[in-house]
A.B. asks: 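Encoded as C-alpha cells, here's the structure I'll be asking about.
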Amino acid sequence: MAIRTYVRTAAVVSVTSLALFGCSSSDDSGSTDSTTAGGGTAAAETTVSTDCEPEQATAGATPVTDPLVVGTLLPNTGSLAFLGPPEVAGVQLAVNDINAAGGVLDQPVTLIPGDSGDTTTDTANTTVDRLLAGGADVIVGAASSAVSLQVIDKITSAGVVQISPANTSDQFVCYPDSGLYFRTAPTDVLQAQALADLIAQDGAQRVSILALNDPYGTGLANNTVENLEAAGIASDQLQTIIYDPNAQSYNAEIDDVNNFAPDAVAVIGFDESARIITRMHELGIGPSDGTLVYGVDGNMGNALGESMAPGLLDTMRGTTPLTDVGTAFQDRLKTVDPALVDFNYAGESYDAVVIPALAAIQAGSTAGVDIAANINSVTKDGEKCTTFEECLPLLQAGTDIDYDGVTGALNFSDAGEPATGSYGNLVFGPDNTLTTDGYIVVGE
C-alpha cells in the first residue's frame, strides 16, 4: 500500500524566492565567489518575485477550426535525456487516446516530435523554428527550465501555447508570457517543501546542498534552505554550494562539503551528479558510506544508477513530481514504448496534451491564444471528469468541466500551474535501482 505524507503548515512557502546567476571562477572546479552562512560557496543572488498578477491570454475575435497541431520539445539528447522516453511516451499515448475518442473539433490531432537538447547546444531553438514552421498550435516542453527560458519568447510571441511537463523554476510564475505559458509540473516552491520534509524526518541537523548554477538548481536550493530553517535547522548548520555543471572537476566543492562535516547532503543536479557522488564516495561521504544523501527530479532516475559503480547509490533518497497513477497507466505507456523503466513526468506529459486539447474544444478554436484563454478553466471549478473521452461530451454539451488528470487534481492557478504537488519518495537499493517508498503531497 502506498504511503502518502501530507505537508502543509509545517513547511514555508516564500513569496519571494531567490534565483542565482553567479559567474564561475576561472579555475576548472566551477566554484563561485560568495560564501553562504554555512561556509560554502554560492553564486550572486538575483531576486525573482512570485508576487504578481500573471498575464492572461485574450481570445481572438475569429475562431480557427483547423486540425490541432502539437509539437514536442523534449530531451532526446543532453543532460536530461533520461527523462525523454517517459515524456515522449506520455505525449504519444495522449494523442492516441484523443484521436481514438474522436479528436479535437472532430479532427485528429497531428503530432510533430522534436528534441530539446540542453543548454550546451542550440538544439531547442532549431527545433522550435521547425515546429513553428510546421504550424504547431501547442508546444509541449521543454523539460529543463533553462532550456525553456531560451525559447519561451520565441514561442509565445508567435501566439503559440507552450506547456511544459517538467519545468519547476519559480521564474515562470511572473514571466511576461502574454498568458501563453503553462506547466503541469508543480513549482519548486513545492518540491523544496517535499525535499526538506524528507531531510528533516530523517533527523538531519547539519546539511550541505550542492546545486547546479541555473534557474532550476539555484531556485530549488534556496527554497529548500528556507524550508529547512522553518523545520528548525539553524542557518549556520546549512551550507549551500553552487557549481558549474560543465566544470571539469568538482573536487573543490566536494572538499568544502567534506570539511563542513554534514550529516546529510542534497545534490540538486543533472547527469553530472554521477561524478559528484562518485567523488563523495572517494572521500567516504557517499550514500553507501552511511551519509544521508538526497536527490531531486533532475537526477533521481535509473539512468543515474546505470552510470555508477554497483552499490554506490544504496540508500540515496530523493523527490520527483510523481503521482500514484497505478500500474495500469504504466502498462499503457509500455504499449507505446516497451523499453520504459522510468516513468518520471510521464503523467505530466500526458496531461500536457489533454489539457490544451480540452481547452481547444471549449474555445471552439485551435488558435493558440484561444486555447490559452481556456486552459486554466478546464482544470477547476466545473463538473469533474478524468479522461478526454469522459470530458468530451460534457464540453460538447456546453458544460463547464474540471479535468482531474492522470496526475490527479490540477486546479491551475492564474499562473497556469498546479496549485498542489505530489512527489514520489524515491530510494536507490543496493543494485542502484529505484523504488518508490510512498508519496509526499504538498500545498493542500
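The structure displayed is predicted, hence computed values, not measured ones.
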A.B. asks: Within a reach of under 6.0 Å around CG of D106, are more than 12 heavy atoms found that belong to other residues, nucleotides or ligands?
C.D. replies: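 At most 12 heavy atoms, drawn from other residues, nucleotides or ligands, come within 6.0 Å of this atom.
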A.B. asks: Judged by modelled atom types alone, do E226 and N222 share a side-chain donor-acceptor pair under 3.5 Å?
C.D. replies: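 Side chains of E226 and N222: no pair found under 3.5 Å.
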A.B. asks: Measuring only between side-chain heavy atoms, which start at C-beta, is N213 closer than 4.5 Å to T218?
C.D. replies: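 Side chain of N213 against side chain of T218, heavy atoms only: contact under 4.5 Å found.
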A.B. asks: Determine, stepwise, if the pair S208 / Q239 fulfils side chain to side chain donor-acceptor pair (under 3.5 Å).
C.D. replies: CA-CA 5 Å; S208 292; Q239 176 193 51; 2.5 Å; yes
A.B. asks: Using a distance-only test with no angle check, is there a side-chain donor-acceptor pair under 3.5 angstrom linking D153 and Y175?
C.D. replies: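 Note: D153 and Y175 side chains meet the donor-acceptor criterion.
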A.B. asks: State plainly whether the residues K380 and D402 are in salt-bridge range, i.e. N to O under 4.0 Å.
C.D. replies: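 Salt bridge flag = no for D402 with K380.
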A.B. asks: What's the spacing between Q193 CD and L228 CG if we round to 0.5 Å?
C.D. replies: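 Here the interatomic distance stands at 11.5 Å.
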A.B. asks: Using distance alone, with no hydrogens and no angle criterion, decide if S148 and N167 have a side-chain donor and acceptor under 3.5 Å apart.
C.D. replies: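 Yes, because at least one side-chain N or O of S148 sits under 3.5 Å from a partner of the opposite role on N167.
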A.B. asks: What closest approach, in Å, do P356 and I163 show between heavy atoms, and which atom pair accounts for it?
C.D. replies: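 Looking at all heavy atoms of both residues, the closest pair is CD-CD1, 4.3 Å.
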A.B. asks: For D351 and T407, test the side chains for any donor-to-acceptor distance below 3.5 angstrom and give the result as yes or no.
C.D. replies: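 Indeed, the side chains of D351 and T407 share at least one donor-acceptor pair under 3.5 Å.
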A.B. asks: Under a 4.5 Å cut-off applied to non-hydrogen side-chain atoms, are T366 and V104 in contact?
C.D. replies: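 Sidechains of V104 and T366: in contact.
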A.B. asks: Does a sphere of radius 6.0 Å around CD in Q107 hold more than 12 heavy atoms from other residues, nucleotides or ligands, not counting ones at 6.0 Å or beyond?
C.D. replies: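 Yes.
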A.B. asks: For T156 and Q162, test the side chains for any donor-to-acceptor distance below 3.5 angstrom and give the result as yes or no.
C.D. replies: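 The answer is no; no qualifying pair exists.
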A.B. asks: Between F329 and Y350, what is the ring plane arrangement, given parallel below 30°, perpendicular above 60°, and tilted in between?
C.D. replies: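 F329 and Y350: perpendicular rings.
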A.B. asks: Show your reasoning for whether side chain to side chain donor-acceptor pair (under 3.5 Å) applies to Q150 and T119.
C.D. replies: CA-CA 8 Å; Q150 290 182 333; T119 56; 5.3 Å; no
A.B. asks: Going by atom types alone, do D297 and Q191 pair a side-chain donor with an acceptor below 3.5 Å?
C.D. replies: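 A donor-acceptor contact under 3.5 Å links the two side chains.
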A.B. asks: What is the ring orientation for Y216 with F270, classed by angle as parallel under 30°, tilted 30 to 60°, or perpendicular over 60°?
C.D. replies: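 The arrangement is parallel - the two ring planes meet at less than 30°.
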A.B. asks: Kindly give the heavy-atom pair with the smallest separation between Y243 and I268, and that separation in Å.
C.D. replies: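 Minimum heavy-atom separation between Y243 and I268: OH-O, 3.5 Å.
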A.B. asks: Under a 3.5 Å cutoff, is there a donor and acceptor pairing between the side chains of D342 and N302?
C.D. replies: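 Short answer, yes.
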A.B. asks: Just checking, any donor-acceptor pair under 3.5 angstrom between side chains of D414 and N376?
C.D. replies: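 Side chains of D414 and N376: no pair found under 3.5 Å.
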A.B. asks: Which atom pair, heavy atoms only, marks the closest approach of V64 to A367?
C.D. replies: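 Here V64 and A367 meet closest at CG2-CB, 3.9 Å.
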